[in-house]
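One structure below.
Chain letters run A, B, ... following the sequence lines, proteins first and then strands; every chain starts at 1. All values reported here derive from a predicted model rather than from experimental measurement.
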There are 2 protein chains.
Amino acid sequence: MVASEQFGDVFAQLPADSFDKNCPTRPVMAQVTGRWGALIIAALVPGPMRFSGLHRHIGGISQKMLSQYLKSVVRYGLVERLVEPTVPPQVTYSLTPLGRSLAQQLCALLSWFHANTPALEAAQQRYDAADSPAR
Amino acid sequence: MVASEQFGDVFAQLPADSFDKNCPTRPVMAQVTGRWGALIIAALVPGPMRFSGLHRHIGGISQKMLSQYLKSVVRYGLVERLVEPTVPPQVTYSLTPLGRSLAQQLCALLSWFHANTPALEAAQQRYDAADSPAR
DNA sequence: CTGTATCCTCGGCGATACTG
DNA sequence: CAGTATCGCCGAGGATACAG
């Protein structure tokens with residue numbers, strides 16, 4: 001076999017049915033790997049946060065999208081929504097154990113991108129330069 | 001601090017600028033976390049594959065999307081495109097070292113979803129049942 | 001403060017047909 | 001076999017206004 005050696009058990013567990021078009025993980029994947037899913041989960045790693053806090057912390061997200069993604073992750077049991085019955089309503093979001101376990105994977109992924117940005121950018125420039133120098 | 005203990009160094013490396021709206025990783029993230037990005041990378045883990053092989057292996061993808069995503073990942077230096085100058089052209093795609101390193105993260109993520117599907121589905125049912133039983 | 005409702009735009013994506 | 005070209009749909013996502 002070709003490359004298994006370098007992967008240890010990660011490769012061994014590669015779920016073959018992920019490629020099935022009816023794989024039940026597809027909808028969840030779609031949310032988490034959606035534009036904001038990963039960032040929302042990651043933003044909650046340091047600790048619970050309020051709606052406005054998230055809105056401020058995650059650059060470029062709109063209220064609508066934040067609200068929508070939050071509803072999803074709460075529904076999937078990844079995030080817990082806590083409402084404090086004060087006069088100006090205070091809603092706190094925090095990771096559930098399940099969400100925290102997912103967050104580990106996502107943080108690893110974000111870190112990978114962070115660490116490899118130089119390599120990725122270099123590859124793009126090489127590609128663009130070789131392809132169409134005059135375009 | 002709240003939860004850092006459980007994360008070891010993964011949390012410590014949480015790149016704060018991932019939340020910046022101008023973070024250069026956003027476009028790459030968008031591709032990789034797009035609908036087909038992760039699956040394409042993951043599909044190449046076991047070994048090199050041809051265009052038609054990928055098309056067959058990844059359930060539900062169209063030629064157009066496969067072609068488009070492949071171009072992206074090649075551009076980012078994650079996948080190598082090898083053309084054999086035979087009469088019916090044979091093009092083989094394989095992971096670069098960079099791509100293989102990313103694949104580890106993605107496989108871990110796919111495995112996580114695979115392993116936690118029961119918990120996710122249970123959470124959904126609990127949520128839907130509590131929310132609107134009569135809808 | 002924490003959302004929800006509405007409108008609108010843009011581009012992801014699929015289907016189909018065609019080329020080298 | 002390995003794509004590219006073209007069309008059209010539909011839903012993600014943003015802006016704004018409004019509600020509890």
Side-chain angles (χ1 to χ4, degrees), chain A residues 19 21-23 26-40 43-44 48-76 79-94 127 131-132 135, chain B residues 19 21-23 26-40 43-44 48-76 79-94 127 131-132 135:
Chain A
F19 300 107
K21 83 185 300 182
N22 299 324
C23 180
R26 286 272 176 101
V28 199
M29 279 281 290
Q31 271 300 315
V32 175
T33 72
R35 183 155 178 200
W36 304 110
L39 287 179
I40 290 180
L44 287 173
M49 204 175 296
R50 306 245 306 275
F51 187 89
S52 52
L54 288 167
H55 192 209
R56 242 174 294 114
H57 191 61
I58 303 178
I61 194 173
S62 65
Q63 280 191 344
K64 175 186 170 185
M65 284 300 106
L66 180 56
S67 168
Q68 179 175 308
Y69 271 85
L70 279 173
K71 227 184 294 183
S72 280
V73 290
V74 169
R75 192 170 102 102
Y76 286 130
V79 168
E80 189 186 8
R81 193 183 118 115
L82 201 76
V83 184
E84 310 232 19
T86 59
V87 175
Q90 298 212 164
V91 183
T92 309
Y93 294 91
S94 57
Y127 182 94
D131 182 20
S132 50
R135 178 149 33 117
Chain B
F19 300 108
K21 83 186 299 182
N22 298 324
C23 180
R26 286 271 176 102
V28 199
M29 279 281 291
Q31 271 300 315
V32 174
T33 71
R35 180 155 180 200
W36 304 110
L39 288 179
I40 289 180
L44 287 172
M49 205 176 296
R50 305 246 306 276
F51 187 89
S52 51
L54 288 167
H55 192 208
R56 243 175 293 113
H57 191 62
I58 304 177
I61 194 173
S62 66
Q63 279 191 344
K64 177 186 169 184
M65 283 301 105
L66 180 55
S67 169
Q68 180 175 309
Y69 271 86
L70 279 173
K71 228 184 294 182
S72 280
V73 290
V74 169
R75 192 169 103 101
Y76 287 130
V79 168
E80 189 186 9
R81 193 184 118 114
L82 201 76
V83 184
E84 309 231 20
T86 59
V87 176
Q90 297 214 160
V91 183
T92 308
Y93 294 92
S94 58
Y127 183 93
D131 183 19
S132 50
R135 183 156 23 123

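- For the side-chain contact (heavy atoms from CB on, under 4.5 Å) test, no residue two or more places apart in sequence or in another chain qualifies with Val87(A).
- Put simply, the side chain of Thr33(A) gets close to the backbone of Thr33(B): a donor and an acceptor are under 3.5 Å apart.
- OP1 or OP2 of dT2(C) sits under 4.0 Å from a side-chain N or O of Arg50(A).
- Closest approach of Tyr127(B) and Val74(A) over heavy atoms only: CE1-CG1, 3.8 Å.
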Pick out the pairs of N or O atoms, protein on one side and nucleotides 3-5 of chain C on the other, that lie under 3.5 Å.
{"residue": "dG3(C)", "atom": "OP1", "partner": "Arg81(A)", "partner atom": "NH1", "Å": "2.2"}
{"residue": "dG3(C)", "atom": "OP2", "partner": "Tyr93(A)", "partner atom": "OH", "Å": "2.7"}
{"residue": "dG3(C)", "atom": "N7", "partner": "Gln63(A)", "partner atom": "OE1", "Å": "3.2"}
{"residue": "dG3(C)", "atom": "O6", "partner": "Gln63(A)", "partner atom": "OE1", "Å": "3.4"}
{"residue": "dT4(C)", "atom": "OP2", "partner": "Ser67(A)", "partner atom": "OG", "Å": "2.7"}

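- Residue whose closest nucleotide on DNA chain D sits further toward the 5' end, between Tyr69(A) and Ser52(B): Ser52(B).
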field: Stepwise side-chain contact (heavy atoms from CB on, under 4.5 Å) test for Val79(A) and Arg81(A)
entry: CA-CA 7 Å; Val79(A) 168; Arg81(A) 193 183 118 115; 6.0 Å; no
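- Summarising the geometry of Ala38(A) relative to Met29(B), their closest heavy-atom pair is CB-CE, 4.5 Å, with the distance given to 0.1 Å.
- For residues 49-66 of chain A, there are no salt bridge (charged side-chain N to carboxylate O under 4.0 Å, His left out) pairs, not counting sequence neighbours.
- The end-to-end axis angle of the helix from dC1(C)-dG20(D) to dG20(C)-dC1(D), rounded to 10 degrees and based on five pairs per end, is 50°.
- To the nearest angstrom, P of dT2(C) lies 10 Å from CG of Leu54(A).
- Here the closest heavy-atom approach between residue Phe19(A) and residue Leu39(B) is recorded as CE2-O, 3.3 Å.
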task: Could you go through the side-chain contact (heavy atoms from CB on, under 4.5 Å) check for Leu44(B) and Leu54(B) one step at a time?
output: CA-CA 8 Å; Leu44(B) 287 172; Leu54(B) 288 167; 4.0 Å; yes
Name every donor-acceptor pair, under 3.5 Å, that has one atom in a side chain of residues 65-73 of chain B and the other anywhere in the protein, sequence neighbours excluded.
{"residue": "Tyr69(B)", "atom": "OH", "partner": "Arg35(B)", "partner atom": "N", "Å": "3.2"}
{"residue": "Ser72(B)", "atom": "OG", "partner": "Gln31(B)", "partner atom": "OE1", "Å": "3.3"}

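- Considering all non-hydrogen atoms of both residues, Met49(A) and His57(A) come closest at SD-CB, 4.3 Å.
- With rounding to whole Å, Arg35(A) atom CZ is found 13 Å from dG12(C) atom C1'.
- Summarising the geometry of Pro27(A) relative to Cys23(A), their closest heavy-atom pair is CD-O, 4.1 Å, with the distance given to 0.1 Å.
- Bracketed by its first and final contacts, the part of DNA chain D lying under 4.0 Å from non-hydrogen atoms of chain A reaches from dG13(D) to dG20(D) in 5' to 3' order.
- Checking Pro88(A) against Trp36(B), the closest nucleotide of DNA chain C that is more toward the 5' end is the one next to Pro88(A).
- Residue Gly34(B) is classed as having no contact, given no heavy-atom separation below 4.0 Å to the nucleic acid.
- Counting non-hydrogen atoms under 4.0 angstrom, Gly53(A) reaches nothing in the nucleic acid.
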